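Both backbone and side-chain heavy atoms feed into the values below; hydrogens, waters and symmetry mates do not. We name chains A, B, ... by the order of the sequence lines, and we start the count at 1 in each one. Every value quoted in this text rests on a predicted model; they were computed, and no experiment measured them.
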Amino acid sequence: MTKQELPKAYDFKSTEARIYAMWETGGFFKPHNDPNKPGFDPNVKPFVISIPPPNVTGELHIGHAMFVSVEDLMTRYHRMKGYSTLWVPGTDHAGIATQLMVERDILQKEEVTREEMGREEFLKRTWEWKHKYGSLITNQIRRLGASCDWDRERFTLDEGLSRAVREAFVRLYEKGLIYRGPRLINWSPGLKTAVSDLEVEYEEEEARLYYFKYMLKDSDEYIPVATIRPETILGDTAVAVHPDDERYQKFIGKTCIVPILNREIPVIADDYVSIEFGTGALKITPGHDPNDYAIAHKHNLPIISILDKEAKVNENGGSYKGQDRFDARKNLWADMKKAGLVIKEEPYRTTIPRSQRGGEIVEPMISEQWFVTIEPLAKQALDAVKDGRIKIVPERFEKTYYNWMENIKDWCISRQLWWGHRIPVWYCPDNHMTVAREDPTACATCGSKDIHQDEDVLDTWFSSGLWPFSTLGWPEQTPDLEYFYPTSYMETGYDILFFWVARMIMSGLEYTGQIPFHTVYLHGLVRDEQGHKISKTKGNVIDPLILMDEFGTDALRFNILVGSTPGNDTNVGPKKVEANRNFVNKIWNAGRFVIAAIDSQQSIDKPGDYTLADSWIWAKLQQLVRDVERQIQNFQYGQAGQAIYDFIWNDFADWYVEVAKEQLKNDATRARTVDTLARVFDISLKLLHPFIPFVTEEMWGHLRRAVLDAGASHIFDDSPNALIVAKWPEPRPLEGWEETKIADFTLLQEIVRSIRNLRAEKNVAPSKRIAANISAGAKTALLKAQANVIASLAGLSEAELSITETLQEKPKDAAALVVGSVEIYLPLAGMVDLSNEKARLEKELKEAESHIQRLENLLGSDFANKAPAALVQKERDKLAGYKDTAEKIKAQLK
RNA sequence: GGGCGCGUAGCUCAGUUGGUUAGAGCGCUACUAUCACACAGUAGAAGUCGGGGGUUCGAGUCCCUCCGCGCCCACCA
């Protein structure tokens, strides 16, 4: 019976989609302990992650690949550990982003404005857009291998989540924690909506500072004032100076004249003004500057708005009415120049507030908006992290979190958009407010039927803040909510710690009375191969889809996961992904070897004794399992992945497989070798599965079939028929024999390496089998048992290999090697020139002696008294070893 | 102004609580198409762990300080 040949190179293209479909249709993404189904056991521990919902209209970028890789790793690990694992998928309606996209792609083409189209039609079109493109992103996330329970997929604007948003709003309102009023907010003139403080980005830019004269009323005297935005002069309601400023003290209480408009405004004193800075005098524009706004409140100054929603000058700006803010700046300044009010202007570097979305300069403006009183919410959220109920990984971000929470300001939650959750407030003609969970038909105060709903929608983050519990059914007390909430990990980028994580913690505590998750894991940002920040303008955008096309999903995932550390940025690029593709291929081919070995066996049911290599690889594997477990528990996923990589490539493929080739030739060792290959490879695949799920699942399937065909079902007796739900390898306590076997095999490796080294140095043809005499002392029995392995690995002729306890006499014309206490003679006479042998040996002696010197110094110091005894003993043994080596080299030099 | 991070081989980066002779990938040098894999193998070259000081038997790792980058927060016109 001939088995089907596996191709030499792993073909991810034909594998990935098939494997994913197998998982999904097999129901493996669902929690095995479902509270909605019979047989539910409340005592089984759940493990839950809510996906950071990508924008519903978005397309996959490398940031998605990052969170999917990490969360899928977390999820698969816990699934294999036996948790009832749930990863809740979904998408975000992303108010501004989506609305902008629809406006750009539909309205612009049809040459209609949003206003012309009308709200109802616009929303209809946006929903159509969502239905058309909404599955794009989720399909791309599937392609990354995400083991989400797609039956529980949610959307922030779907019915259930909208109900949750209403409930949350009404509760806060009823508690008095939501208010409406005119406040100074950040206005985005391009988007024509308010944005929150977080949505404004400050960048240092080149600007100009304008100096001018504030003339005193009925006087030739003036106060010099500087500003970056001259147009705001139109809204000035005072000039402020420091009370102690001797230059200006005489003006305090007097009146000055607003340039061009000729309004009269007072000169006030406030110690907010710094005497040293600028001219030492400050114009106060409460309608368009947050500091001035505060000062105006303190001094009871009038507040004048001079700009409309498009940032054009309004009726308060006199003749400048209708001009764009920047035109008004130019024109007003020109007019002031003519009037002789200008002193000078100069270049000036300052921070300019820009909208995170549109990029245009944000204008502080007075506007009627809805706010959340944030302090009581922040207090709880602060405590939850401080008292350890929520842990942030890496820990340093806890400090960042505290700092933000302690200085938080009220949250402006209303947006002048259409795409989003409409604010559940209705007004009657008498302006009574009705705030309701269900759409009302009449005013709650006066009963008027003539009511209309607030036009504004809520900030997108208001609904995403509810995500961990709204997706589980809140406000209803569903079985899902009961069992799966609070969730376990919140995994996301550090860049949205405030936007999202902080708000989820506040919301969770406020609405559910519980923390929404107990651990926050923050990953770093993805950078390009050179470590540069990725940006469209720089043109170094990394498309994960292209990388997956070329190298496969596993390779991309492994790149993202390995070599990175929590909270630190990580580099991704074709070169790196290619290197990981090579690793994936290595696994594939190691697997082919293992399977071929199994197939060649009649039965591997009755293995014999373990060889040294069998024990060694098993010991190394146990070490690996312990190591990986510890690293994963500590969120050191990169370290864990690296350890598995090293084991598979360096220990398993480079050494054990090579030894196995020899052991398979021998009847006495064959069965145990096949058995060991299968077991070690099986466990390796299990450890690797959360990192690179596709190739491991595929290869494990082949392995399992081969093993079962060979009648060795005991190897897999604890595992179901898919790796994704196989049992995670449990670490076992260290056993005494492990270190011995590792030490013995390490000696063998060193012997082999030193022979290979010499051969390379002497240019002995790789295919040339040479003779060797080994004098092994105490290690004689050990090495004798491994004679065939040593011969095969070092290219020795087994027939001409002699291993004895001592040598009667030193072979003539042989190159000599010393490994620890083992002496090796390679009679190379006739093959190579041995004239420089003496120099080589002297060099080695020198090296050994320098070690002896170093160790004698070390052991002669306080180290011997103060360091742990085991460590000291280790160094002593080492010293003895070097001494032995040196002695033997010296003897050879005689 | 406050806070955080980084500086380790030519390049990009790991290095958990201080404990051998500091590691990986890529690149580089030499050799190898043999029967898991040339997406490979074997052997090799390459680092005063940014500078200085301190604690310690012992420091890439802890403390101080200086230098150079980067990020976050913040209301100085």
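- Between the P atoms of B:A33 and B:U42, the separation comes to 16 Å (whole Å).
- Remark on RNA chain B: of its neighbouring residues A:T227 and A:G591, the 5'-side contact belongs to A:G591, judged by nearest-heavy-atom nucleotide.
- Distances shorter than 4.0 Å separate none of the side-chain N or O atoms of A:K575 from OP1 or OP2 on B:C26.
- As a whole-Å value, the separation of A:E395 CD from B:G3 C1' is 16 Å.
- On the C1' atoms, B:C11 is 28 Å away from B:G52, given to the nearest whole Å.
- Using a 4.5 Å cut-off on side-chain heavy atoms (C-beta onward), A:F647 and A:S684 make contact.
- For the C1' atoms, the distance linking B:G50 with B:C69 amounts to 11 Å, nearest Å.
- Less than 6.0 angstrom separates the ring centroid of A:Y494 from the ring centroid of A:F397.
- Summarising the geometry, the separation between CD on A:E529 and C1' on B:G27 is reported as 12 Å, rounded to the nearest angstrom.
- Across B:A74 and B:C4, the matching C1' atoms stand 15 Å from one another, rounded to whole Å.
- When Watson-Crick and G-U wobble pairs are counted only if both distances are under 3.5 Å, B:A9 pairs with no nucleotide at all.
- A:K576 comes within 4.0 angstrom of a base, heavy atoms only.
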Subject >> Evaluation steps, salt bridge (charged side-chain N to carboxylate O under 4.0 Å, His left out), between A:R840 and A:E844 >> reply: CA-CA 6 Å; A:R840 189 181 60 78; A:E844 285 190 5; 3.3 Å; yes
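- For B:U20, there is no paired base (Watson-Crick or G-U wobble, both distances below 3.5 Å).
- A straight line from CD1 of A:I755 to P of B:U42 spans 16 Å, rounded to a whole angstrom.
- Backbone-only engagement by A:A579 is indicated by non-hydrogen atom pairs under 4.0 Å involving sugar-phosphate atoms exclusively.
- Using C1' as the reference atom, B:G27 and B:U65 are 37 Å apart when rounded to the nearest Å.
- Proximity of A:N571 to the phosphate of B:C13: a side-chain N or O atom is located under 4.0 Å from OP1 or OP2.
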**OP:** Please step through salt bridge (charged side-chain N to carboxylate O under 4.0 Å, His left out) for the pair A:D270 and A:K298, ending with a clear verdict.
**Re:** CA-CA 9 Å; A:D270 195 299; A:K298 211 164 128 192; 3.1 Å; yes
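- Across all strands shown, A:R756 has heavy atoms under 4.0 Å from sugar-phosphate atoms exclusively, and none from any base.
- In this structure B:C75 sits in no base pair that meets the Watson-Crick or G-U test at under 3.5 Å.
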**OP:** Walk me through it: do A:T565 and A:Q636 pass the test side chain to side chain contact (heavy atoms under 4.5 Å, CB included)?
**Re:** CA-CA 7 Å; A:T565 193; A:Q636 301 286 333; 3.9 Å; yes
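- Residue A:G638 is out of contact with every strand shown, counting any heavy-atom pair closer than 4.0 Å.
- In this structure, A:T279 does not reach the B:A77 phosphate: none of its side-chain N or O atoms is under 4.0 Å from OP1 or OP2.
- Between B:A59 and B:G18, the two C1' atoms lie 6 Å apart (nearest whole Å).
- If you take atom C1' in B:G19 and the same atom in B:A43, they sit 31 Å apart, rounded to whole Å.
- Contact annotation: side chain of A:Y272 to base of B:C75, donor-acceptor pair present below 3.5 Å.
- The environment of CD in A:E550 is sparse: at most 12 heavy-atom neighbours from other residues, nucleotides or ligands sit within 6.0 Å.
- None of A:Y401, A:W404, A:Y402 except one satisfies the ring pair (Phe, Tyr, Trp, His ring centres under 6.0 Å) rule with A:F498; the exception is A:W404.
- Remark: the A:K586 side chain and the B:C37 base include a donor-acceptor N/O pair separated by less than 3.5 Å.
- Residue contacts for A:E761: at a heavy-atom cut-off of 4.0 Å it reaches no nucleic acid atom on any strand shown.
- In terms of position along RNA chain B, the nucleotide closest to A:D528 lies nearer the 5' end than the nucleotide closest to the other residue of the pair A:D528 and A:K866.
- Note on A:A653: a base of the nucleic acid sits closer than 4.0 angstrom, heavy atoms only.
- Of all nucleotides listed (B:C11, B:A36, B:C39), B:C11 comes nearest to the side chain of A:Q530.
- Here A:S274 lies in heavy-atom contact (under 4.0 Å) with a base.
- Here A:T350 lies in heavy-atom contact (under 4.0 Å) with sugar-phosphate atoms only.
- Across all strands shown, A:K409 has heavy atoms under 4.0 Å from sugar-phosphate atoms exclusively, and none from any base.
- Using the Watson-Crick or G-U wobble rule with both distances under 3.5 Å, B:C35 pairs with nothing in any strand shown.
- Under 4.0 angstrom from either OP1 or OP2 of B:A77 there lies at least one side-chain N or O belonging to A:Y348.
- With B:U16, B:C57, B:C37 as the candidates, the nucleotide lying closest to the side chain of A:F863 is B:C57.
- When Watson-Crick and G-U wobble pairs are counted only if both distances are under 3.5 Å, B:G70 pairs with B:C4.
- For B:C4, the OP1/OP2 oxygens have a side-chain nitrogen or oxygen of A:K399 closer than 4.0 Å.
- Here the nucleotide nearest the side chain of A:L282, chosen from B:A77, B:A36, B:G15, is B:A77.
- At a cut-off of 3.5 angstrom, the base of B:U20 holds at least one donor-acceptor pair with the side chain of A:K878.
- Proximity of A:N589 to the phosphate of B:C39: no side-chain N or O atom is located under 4.0 Å from OP1 or OP2.
- Using a 4.0 Å heavy-atom cutoff across all strands shown, A:K874 reaches no nucleic acid atom at all.
- Residues A:L685 and A:I587 have side chains in contact (heavy-atom distance under 4.5 Å, counting atoms from C-beta outward).
- A side-chain contact (heavy atoms from CB on, under 4.5 Å) with A:K665 holds for exactly one of A:Q663, A:K661, A:E662; it is A:E662.
- Regarding contacts with the backbone of B:G41, a side-chain N or O of A:W649 is found under 4.0 angstrom from either OP1 or OP2.
- Residue A:A760 has its side chain nearest to B:A43 when only B:A43, B:C37, B:U16 are considered.
- Neither side chain, A:N582 nor A:N585, offers a donor N or O lying under 3.5 Å from an acceptor on the other.
- In this structure B:A43 sits in a base pair with B:U29, meeting the Watson-Crick or G-U test at under 3.5 Å.
- Across B:C62 and B:A24, the matching P atoms stand 23 Å from one another, rounded to whole Å.
- Among the atoms of the strands shown, only primed sugar atoms or phosphate atoms (P, OP1, OP2) are found under 4.0 Å from some heavy atom of A:N757.
- A donor and an acceptor atom never sit less than 3.5 Å apart when one is taken from the side chain of A:R753 and the other from the base of B:U42.
- Distance CG (A:L556) to C1' (B:G25): 16 Å, rounded to an integer number of Å.
- A:E658 comes within 4.0 angstrom of a base, heavy atoms only.
- Judged by distance alone, with hydrogens and angles left aside, A:R396 brings no side-chain donor or acceptor close enough to the base of B:C4 to form a pair under 3.5 Å.
- Nucleic acid contact for A:T570: none, since no nucleic acid atom lies under 4.0 Å from a heavy atom of the residue.
- A:D654 comes within contact range of the sugar-phosphate backbone alone, with a heavy-atom separation under 4.0 Å but no base atom that close.
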